[in-house]
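FYI, the numbering just counts along the sequence from 1. Quick note: numbers below take in every heavy atom, side chains included, and nothing from hydrogens, waters or symmetry partners.
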Amino acid sequence: MEKSKQRLLDERYLRMARIWAENSYCTRRQVGALIVRGDAIISDGYNGTPSGFENICEDEDNRTKPYVLHAEANAITKVAKSNNSSFGATLYVTASPCIECSKLIIQAGIRRVVYSEHYRSADGIELLQKAGIEVEYIGFADDKEIKD
């Protein structure tokens, strides 16, 4: 069966988000995100520390530091500082959004979220669906469920 043009684009942007995730300094998990409106990438992000902080995401016990930003939050705040608008856009993210990022996605006017790995909790996805945001999972053969 031939894939639709939209499905091919979705897979392409998810692959790009995976590559973008490689910019993260986090050792436990690297997550990437792209915000696309129309046919243009208007923002990108990966998980990491805020500007001006050292690029070390985990503490001495290998726990993620509480101030590490998620990829979605970085992409949304980056677009907020630009002349672009995320209203009606699609967010491509390598891991399904947590509940906190889902709140930001709703407030940013993003209308569609496409992800490729399941996060440990489905609360974020459920909130997005409750808000009427289209959510789509597109897994890749080498994906795994995120446990922590």
Side-chain angles (χ1 to χ4, degrees), residues 1-53 55 57 64-148:
M1 177 183 354
E2 189 172 319
K3 294 181 181 178
S4 71
K5 181 179 177 183
Q6 184 61 57
R7 176 64 180 232
L8 291 170
L9 285 171
D10 288 345
E11 290 175 358
R12 185 175 303 138
Y13 284 127
L14 281 174
R15 286 193 306 274
M16 292 169 72
R18 290 177 120 189
I19 292 168
W20 198 245
E22 294 173 13
N23 289 312
S24 172
Y25 286 90
C26 296
T27 56
R28 290 182 61 233
R29 177 180 314 121
Q30 294 178 313
V31 179
L34 299 174
I35 299 176
V36 176
R37 197 177 73 223
D39 59 359
I41 297 170
I42 61 168
S43 190
D44 51 61
Y46 51 87
N47 57 325
T49 58
S51 299
F53 284 68
N55 287 322
C57 299
T64 301
K65 293 180 179 178
Y67 54 83
V68 168
L69 291 160
H70 289 186
E72 307 93 301
N74 269 325
I76 290 168
T77 56
K78 187 175 181 179
V79 79
K81 292 190 292 188
S82 75
N83 291 327
N84 282 313
S85 169
S86 55
F87 187 78
T90 297
L91 172 72
Y92 294 91
V93 62
T94 56
S96 59
C98 70
I99 192 113
E100 294 302 317
C101 287
S102 292
K103 293 180 210 176
L104 294 174
I105 291 165
I106 293 165
Q107 291 301 97
I110 293 170
R111 300 307 323 149
R112 185 168 178 255
V113 174
V114 182
Y115 69 98
S116 61
E117 297 173 10
H118 297 290
Y119 187 59
R120 68 174 182 255
S121 169
D123 291 353
I125 295 298
E126 292 167 5
L127 181 64
L128 293 172
Q129 291 170 333
K130 184 175 182 176
I133 293 173
E134 180 184 345
V135 178
E136 186 168 354
Y137 166 75
I138 299 176
F140 290 100
D142 61 343
D143 281 343
K144 65 220 170 287
E145 184 169 344
I146 298 171
K147 301 289 184 196
D148 56 348

Q: To check you understand the geometry: which heavy-atom pair defines the closest contact between Gln30 and Thr94, and what is its length?
A: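 Heavy-atom minimum between the residues: O-OG1, 4.2 Å.
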Q: Step through the shown structure and confirm whether more than 12 heavy atoms of other residues, nucleotides or ligands are within 6.0 Å of OH on Tyr67.
A: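 Atom OH in Tyr67 is packed in, count exceeds 12.
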Q: Can you find a heavy atom in the side chain of Asn47 that is under 4.5 Å from one in the side chain of Asn74?
A: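 In short, these two side chains do not touch, never coming nearer than 4.5 Å.
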Q: If you measure from OG on Ser96 to CZ on Arg120, what distance do you get to the nearest 0.5 Å?
A: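 Answer rounded to 0.5 Å: 10.5 Å.
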Q: Is the backbone of Gly48 close enough, under 3.5 Å, to the side chain of Ser24 for a donor and an acceptor to pair up by distance?
A: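 The answer is no, because no donor-acceptor pair under 3.5 Å joins these two groups.
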Q: As an exercise, state the distance from CD1 of Ile42 to OG1 of Thr90, rounded to the nearest 0.5 Å.
A: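 If I round to the nearest 0.5 Å, the distance is 9.5 Å.
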Q: Any side-chain heavy atom of Thr27 sitting closer than 4.5 Å to one from Cys57?
A: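 They are not in contact (no side-chain heavy atoms under 4.5 Å apart), so the answer is no.
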Q: Check whether more than 12 heavy atoms from other residues, nucleotides or ligands sit under 6.0 Å from atom CD of Gln129, and answer yes or no.
A: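 Count over threshold, so yes.
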Q: Can you tell me how far CH2 of Trp20 sits from CG of Asp44, rounded to the nearest 0.5 angstrom?
A: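 Nearest 0.5 Å value for the CG-CH2 distance: 4.5 Å.
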Q: Do NZ/NE/NH1/NH2 and the carboxylate oxygens of Glu126 and Lys130 come within less than 4.0 Å?
A: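 So Glu126 does not pair with Lys130 through a salt bridge.
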Q: Is the closest side-chain heavy-atom distance between Arg7 and Ile138 below 4.5 Å?
A: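 Yes, their side chains come closer than 4.5 Å.
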Q: Do Glu100 and His70 come within less than 4.5 Å of each other through their side chains, counting heavy atoms only?
A: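 A side-chain contact under 4.5 Å is absent here.
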Q: To check you understand the geometry: which heavy-atom pair defines the closest contact between Asn55 and Thr49, and what is its length?
A: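 Looking at all heavy atoms of both residues, the shortest contact is OD1-OG1, 3.5 Å.
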Q: Does any donor atom in the side chain of Asp10 or Tyr92 lie under 3.5 Å from an acceptor atom in the other side chain?
A: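 Yes, Tyr92 and Asp10 have a side-chain donor paired with an acceptor closer than 3.5 Å.
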Q: For residues Ser116 and Arg18, report the shortest heavy-atom separation together with the two atoms involved.
A: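 Result for this residue pair: OG-NE, 4.5 Å.
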Q: Taking all non-hydrogen atoms of both residues, which atom of Arg111 and which atom of Gly88 are closest, and how far apart?
A: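 In terms of heavy atoms, the two residues are closest at CG-CA, 3.4 Å.
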Q: Between Tyr137 and Tyr115, what is the ring plane arrangement, given parallel below 30°, perpendicular above 60°, and tilted in between?
A: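 Tyr137 and Tyr115: tilted rings.
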Q: Can you name the nearest heavy-atom pair linking Ile133 to Ile110, along with the distance?
A: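 Heavy-atom minimum between the residues: CD1-O, 3.4 Å.
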Q: Residues in side-chain hydrogen bond (donor to acceptor under 3.5 Å, both in side chains) with Arg15, at least two apart?
A: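 With sequence neighbours excluded, Arg15 shows a side-chain hydrogen bond (donor to acceptor under 3.5 Å, both in side chains) to no residue whatsoever.
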Q: CD of Glu136 to CD of Gln6: how many Å apart, nearest 0.5 Å?
A: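 Spacing of CD (Glu136) from CD (Gln6) equals 8.0 Å.
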Q: So do Arg28 and Thr64 actually touch side chain to side chain, heavy atoms under 4.5 Å?
A: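 Yes. Closest side-chain heavy atoms under 4.5 Å.
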Q: Check whether any side-chain heavy atom of Ile41 lies under 4.5 Å from a side-chain heavy atom of Met16, and answer yes or no.
A: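 Ile41 vs Met16: side chains touch.
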Q: Measure the CG-CD1 distance between Leu14 and Ile19 for me, rounded to the nearest 0.5 Å.
A: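 The distance works out to 11.5 Å.
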Q: Is there a donor-acceptor pair closer than 3.5 Å between any side-chain N or O of Ser43 and the backbone N or O of Ala75?
A: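 Yes; at least one donor-acceptor contact below 3.5 Å.
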Q: Hey, does the side chain of Ser102 reach the backbone of Leu127 with a donor-acceptor pair shorter than 3.5 angstrom?
A: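 No, the answer is negative, given that no donor and acceptor are paired below the 3.5 Å cut-off.
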Q: Drop me the distance from Glu11's CD to Leu9's CG, to the nearest 0.5 angstrom.
A: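 Answer rounded to 0.5 Å: 10.0 Å.
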Q: So which atom in Arg37 and which in Ala89 form the shortest heavy-atom distance, rounded to 0.1 Å?
A: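 Result for this residue pair: CB-CB, 4.0 Å.
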